[in-house]
Amino acid sequence: MDELFYFIIAKYNYWAALVLLFIGLFGMIVKNNLMKKIIGMVIFQTAILLFIVSIGVKRGATVPILQFSPDKQPLLDATAYANPLPHVLILTAIVVGVAVLGVALALLQKIQRVHGTIEEDEILEDMRK
Amino acid sequence: MMDQTPAIMILVPVFASLALTLIGPLGHRAAYGLLIISIAGSLAAALATMVQVVQTGQAVHYRMGDWIPPMGIELVIDHLSAGVLVLISACALLTAIYSMHTARQDNPDRLNHYYALFALLVAGLLGMTATGDVFNLYVLLEISALSSYGLLARGKGKAYYATFRYLMMGTIGASFYLLGVGYIYIMTGSLNMADLAEILSRPELEASVSVRIGFSLIILGVWIKMALFPLHAWLPNAYSRAGTTTACLIAPLMTKVSVYVMLRIMFTVFSADYIFQQIAWSRLVIYLASAAAVLGMITALSQRDLRKMLTYIIVAEIGYLTGGAWLANTAGYTGAVYHILADGLMTLCLFMAVGAIIYRTGESTAAAMQGLFQRMPVTAGVLLVAAASVVGVPPTCGFFSKWYLLQGAVKAGEWVFVAALIIAGLLAAILFFRLLERAFFGRLEDAVTENGSEKSQEVPRKIRLEEAPLTMLLPLVITGAALFGLGIYTNEVVQYLIRWSMPAGI
C-alpha cells in the first residue's frame, strides 16, 4: 500500500496531466454541445503542455544564463542550470493552441449562424433535412 | 544562392502569404499572379535541390540561422524528401493555375485571403517534408492543419460542421504526436531526427517502455492525420464539402505528406529492426491496412456523390501506402514511396477532372457523368487515364506502384494484404467502369429525366460541346500526362530517388 502511495506521490505531475488528459478527451468525445467540446479540447491540449513543462523542473537550479563565481570565473557546471528547452517548446505549443482555439471558435460562430444551434444532435438533424 | 534553396523553397510561400493578405485592393488578378509566381519559385527551388541531391548522392543539410544541430533546427533534404517536395510544389502550382475560375466562384469576396491560406498551406507542407527536427515538424503540421481548416471552411453551409469535426480530430492527432515527442524527449533529451536516431539505437533504450509508448503515440497521431481506417471518419465529409480548388489542393497533399511523416518517424528516427522487434502491435498494422483498402473501395462503390466517392478512394489508397510501409522489405518500401508520388498525382487528376465536370454541369452526382465524352471529351479522356491509373493499368504509374506493393506483400508472405490489393483493384475497376460506361454510352436525355423534368428546357444547351476553360484544362492535361510520364520513368525514379533513401535493415 505504501509503495503504491509513494509511486503516485513521487510522480504526481504525471498523474495530474493524465487525469486532465482524460477529462479533456472525455469532453471532446462525449459532450453534445460543441462549445463543451472546444472546452474539452483546450483541457486536453493544456494537459499535454503541463506534462512537458513539468519535466523541466529542477529544484535549486538557476536560470540558464551563465553565472560567475565571486572570483569572476564562469560557472560551467551544467547541473546548476535549469533546462530552458521544455519551456521554450511549450511556449510555441501554447501559441499553436491559441490559434487552434481561435479557429475553432470562429467555426462555431459560423455553425451557429448556419444551423441555428450548437447542439450536435440538432445540427445533424438539420443537415439531414 | 544555390545553397540557400531549401530555405527559399519554404520562405517564398510564407512571405507571399503575408503579401497576399495585404494586396486585396489590387484585385483578384494580382492575387492570382502573386500566388502562381511564389509557388513557381518554390517549385524551382525544390527542383534545384533535387538535382543537387541526385547529383551529389548526399542529403542536403541546411542549418536554419546557422545554429549547429542538434541545438539548432536543420532542414534535411535527402532522396526521399526531395521527391516529395517536388510533388508538393508541382501539385500546388497546377492547382494554383487551375484555380483561376473555380476559386473566384467559391470565394466571391476576399479572394486574396483565400490565396494567402493557400500559400501558407503549401509552406507548411513543404516545411513538414524538409524539416529534420521532430518538434519543428509538430509546429509545421499545425500550420498546415490550421490553414487547411480555414480553406475547407470556405466551402459554406454544411462545410462548417464537417470542418469542425476535422478540427477536433486533427487536434487530437497533433496532440498525440506532441505527447509522443514529449515521451521521447524525456528519454533522449534531443529533438533532432538524426541525433534521436543515434541515441535511440543505444542498447540501454532498446527495452524502454517510455520510448515504446512515445513511438506508439506519435504513430497514432500521424494515423489520425492521414485518415487510416478506422480513424478516417472525418475525411470524407470535410473533403467532399469543400470548394473545388480547396479539394484539389488538400486531397492529394495533406494525407500523402502525413504518410511521408510516418515513414520518417518509422525509418529515420526509429528503425525497422526496432519497430518489428520491440513493438508488439506492429504485425497487426498490415491487417488494418488491408481493411482500409477493401472497405474504402466498397464504401466508394456505394456513393452517389462523385467527390465523396473520390474521398473514399483516398481512404483506400492510404491503406495501400500504410501496408507497403509496414511490410518492411525493399519492394514494399519502394512501392510505398513510389505510391506517395503516384497517388498524389492520381488524386490531383481525379479531383481536377471532377471539379471541371462540376464547374460545367453544376451537379456532383454520378448523373453529371452522363454523355461526358460528347460534352467534355478532353476532361473525360483525362478522367479515363486517372481511372486506369487507380485500377492499375500499365503504363500508368498506378500499375507500377501496385506491382511493387504486390511483390513486397508476396515476399513478406502477407497473403491478406495480397488479397486486399487485388480485391481493391477489382473494386476500383468496377467503380470506374460504371462511371465511364455512363460517360461513354449514357444519353443526355436520361440524365435529365433522372433529375426531374423541370430541367428539360436546358437539354439543347447541355448537348453542345462545353469543355472547361483553358486554365482548368491545361493543368488537367499536364497531370494526366504526368501519370504516364511517371509510369514510363519508373525505373529512373526508383533508381535515382527511392533506392538511395532505402533505410538500413529492410
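Values below: every heavy atom of this structure, side chains too, minus hydrogens, waters and symmetry copies. Keep in mind it's a predicted model, so treat the numbers as computed, not measured. Every chain is numbered from 1, with letters handed out A, B, ... down the list of sequences.
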Okay, A:Ile38 and chain B: the region with an atom under 4.5 Å from a heavy atom over there is both
Side chain from CB out, backbone as N, CA, C, O: work out which of these in A:Leu34 comes under 4.5 Å of a heavy atom of chain B, or both, or neither. both
Which residues share a side-chain contact (heavy atoms from CB on, under 4.5 Å) with A:Phe22, sequence neighbours left out: A:Leu18
Which donor-acceptor pairs lie under 3.5 Å between chain A and chain B?
from, atom 1, to, atom 2, distance (Å)
A:Asn83, ND2, B:Tyr185, OH, 2.8
A:Glu120, OE2, B:Tyr161, OH, 2.4
A:Met127, O, B:Lys158, NZ, 3.3

Which atom pair, heavy atoms only, marks the closest approach of A:Pro86 to A:Ile52? CB-O, 3.7 Å
Non-hydrogen atoms of chain B under 4.5 Å away: do they reach the side chain of A:Ile55, the backbone, both or neither? side chain
Greater than 12 external heavy atoms within 6.0 Å of A:Met127's CE: yes
Could you go through the side-chain contact (heavy atoms from CB on, under 4.5 Å) check for B:Val134 and B:Ile218 one step at a time? CA-CA 10 Å; B:Val134 284; B:Ile218 290 180; 5.9 Å; no
Less than 4.5 Å apart, any side-chain heavy atom of B:Leu191 and any of A:Leu89? yes
Under 4.5 Å from any heavy atom of chain B, what part of A:Met28 do you find: side chain, backbone, both or neither? side chain
Is it the side chain or the backbone of B:Ile172 that comes within 4.5 Å of chain A heavy atoms, both, or neither? both
Going through the distances and angles, do B:Ile265 and B:Val261 end up as a side-chain contact (heavy atoms from CB on, under 4.5 Å)? CA-CA 6 Å; B:Ile265 298 292; B:Val261 170; 4.2 Å; yes
Rounded to the nearest 0.5 Å, what separates atom CG in B:Leu178 from atom CD1 in A:Ile90? 6.0 Å
Output the distance between atom CZ (B:Phe15) and atom CD1 (B:Ile10), rounded to the nearest 0.5 Å. 12.0 Å
